[in-house]
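A quick write-up on the structure given underneath.
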2 protein chains.
Amino acid sequence: MSIGFMSTETIGEKLRHIREEKELPLRKVAALLDIDVAILSKMERGERRITKEVVLKLANIYDYNADDLLVSFLSDKILYEIQDEDLGIEALKVAEEKVKYIKANRKK
Amino acid sequence: MSIGFMSTETIGEKLRHIREEKELPLRKVAALLDIDVAILSKMERGERRITKEVVLKLANIYDYNADDLLVSFLSDKILYEIQDEDLGIEALKVAEEKVKYIKANRKK
DNA sequence: TCTAATTTTGACACATTATGTCAATAGGGT
DNA sequence: ACCCTATTGACATAATGTGTCAAAATTAGA
């Protein structure tokens, strides 16, 4: 595995990998985001929550596919809700049904 | 639809329907749960968060399938994270992959 | 309608958690 | 040693969640 990242990495790990690929120091990225270096460091290591806004800004800064990052971001949040739950998979499937139902009936 | 509940109802709505079927007043159920009536009322209407513990206790009180309630409870939490997100479905699928990966590698 | 039971609403104090800022510390490379 | 980078922890403050209570609204029954 030289290029590409594991699918099980967190959004934080993913963002760190991308930043390292670009060889950008936290200092510079944090400045572009207008946040403290400490916060960005903690976000990459999962110690602080990442917001959707930061994810989108980083997609711009890194010139990286925004949808890809957003999916990683959202799936992380989902995973957090069902971690260690035996019924996690079942809950995911029910949630998917609900989303589809809502989407199908939204336009009415 | 006379018997059975819609799959898109929230856990709160589901719990209310079950309670109404049993013709139990909030007052009695709240007493069994040892919580304030106001809180239970708000939980059923989605104004206050329901905890896993309350869900399990209610499964006992109502003699209702606990797994069914838990799945409804968890899928609600998942849905909350991806509501209004265009990439919700995609995120759900990625989350499912991650869960399966984690499960498969947990025993090592 | 009147009454009682049930439910809802809102306000409040309190606890818990999240967030931003900063400085000290640690680590790597030259 | 130095410099650059990253991490850690402490702190104050903000935001959010929780329990309690009483008043208001709703419902059901006589």
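Because the structure is a prediction, the values reported are computed rather than measured. Lettering of chains follows the sequences in order, A, B, ..., and the numbering in each one begins at 1.
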For this session: Please work out if I35(A) contacts a base, only the sugar-phosphate, or nothing of the nucleic acid, heavy-atom cut-off 4.0 Å.
Result: nothing
For this session: Nearest whole angstrom, please: distance from the P of dT8(D) to the CE of M43(A).
Result: 16 Å
For this session: Look at the side chain of K42(B) and the base of dG19(D), then say whether one donor and one acceptor between them are separated by less than 3.5 Å.
Result: no
Exercise. Do any N or O atoms from the side chain of R19(A) and from the backbone of L24(A) form a donor-acceptor pair under 3.5 angstrom?
Worked result: yes
Exercise. Just by modelled atom types, is the V71(B) backbone N or O under 3.5 Å from a matching donor or acceptor in the S75(B) side chain?
Worked result: yes
Exercise. So which nucleotide from dT7(C), dC22(C), dT19(C) ends up closest to the side chain of R49(A)?
Worked result: dT19(C)
Problem set entry | Rounded interatomic separation in angstrom, taking CG from L26(B) and P from dT26(D) | 16 Å
Exercise. Think R48(A) has a side-chain N or O under 4.0 angstrom from the OP1 or OP2 of dT21(C)?
Worked result: no
Seminar exercise, completed: Separation of dA6(D) atom C1' from E13(A) atom CD, nearest Å, is 17 Å
For this session: Could you state the atom-to-atom distance from CG of L40(A) to C1' of dT7(D) in whole Å?
Result: 12 Å
Exercise. Closer than 4.0 Å, any side-chain N/O of R27(B) to the OP1 or OP2 of dA4(C)?
Worked result: no
For this session: Measure from the side-chain N and O atoms of E44(B) to the backbone N and O of S41(B), and report whether any donor-acceptor pair falls under 3.5 Å.
Result: no
For this session: Give the rounded distance in Å between these two atoms: CG of L24(B) and C1' of dT7(C).
Result: 15 Å
Exercise. Rounded to the nearest Å, what distance is computed from the CD atom of residue E20(A) to the P atom of nucleotide dT5(D)?
Worked result: 14 Å
Exercise. Tell me: CD1 of I39(B) to P of dT6(C), nearest whole Å?
Worked result: 19 Å
For this session: Using whole Å, report how far CG of D36(B) lies from C1' of dC12(C).
Result: 14 Å
For this session: Could you tell me whether a side-chain N or O of K22(B) sits under 3.5 Å from a main-chain N or O of Y62(B), the two making a donor and an acceptor?
Result: yes
Exercise. Does I11(A) offer a backbone N or O that forms a donor-acceptor pair with the side chain of D76(A) under 3.5 Å?
Worked result: yes
Problem set entry | Under-4.0 Å side-chain N/O to phosphate OP1/OP2 contact, R45(A) with dT8(D) | yes
Problem set entry | Side-chain N or O of S41(A) closer than 4.0 Å to phosphate OP1/OP2 of dT7(D) | yes
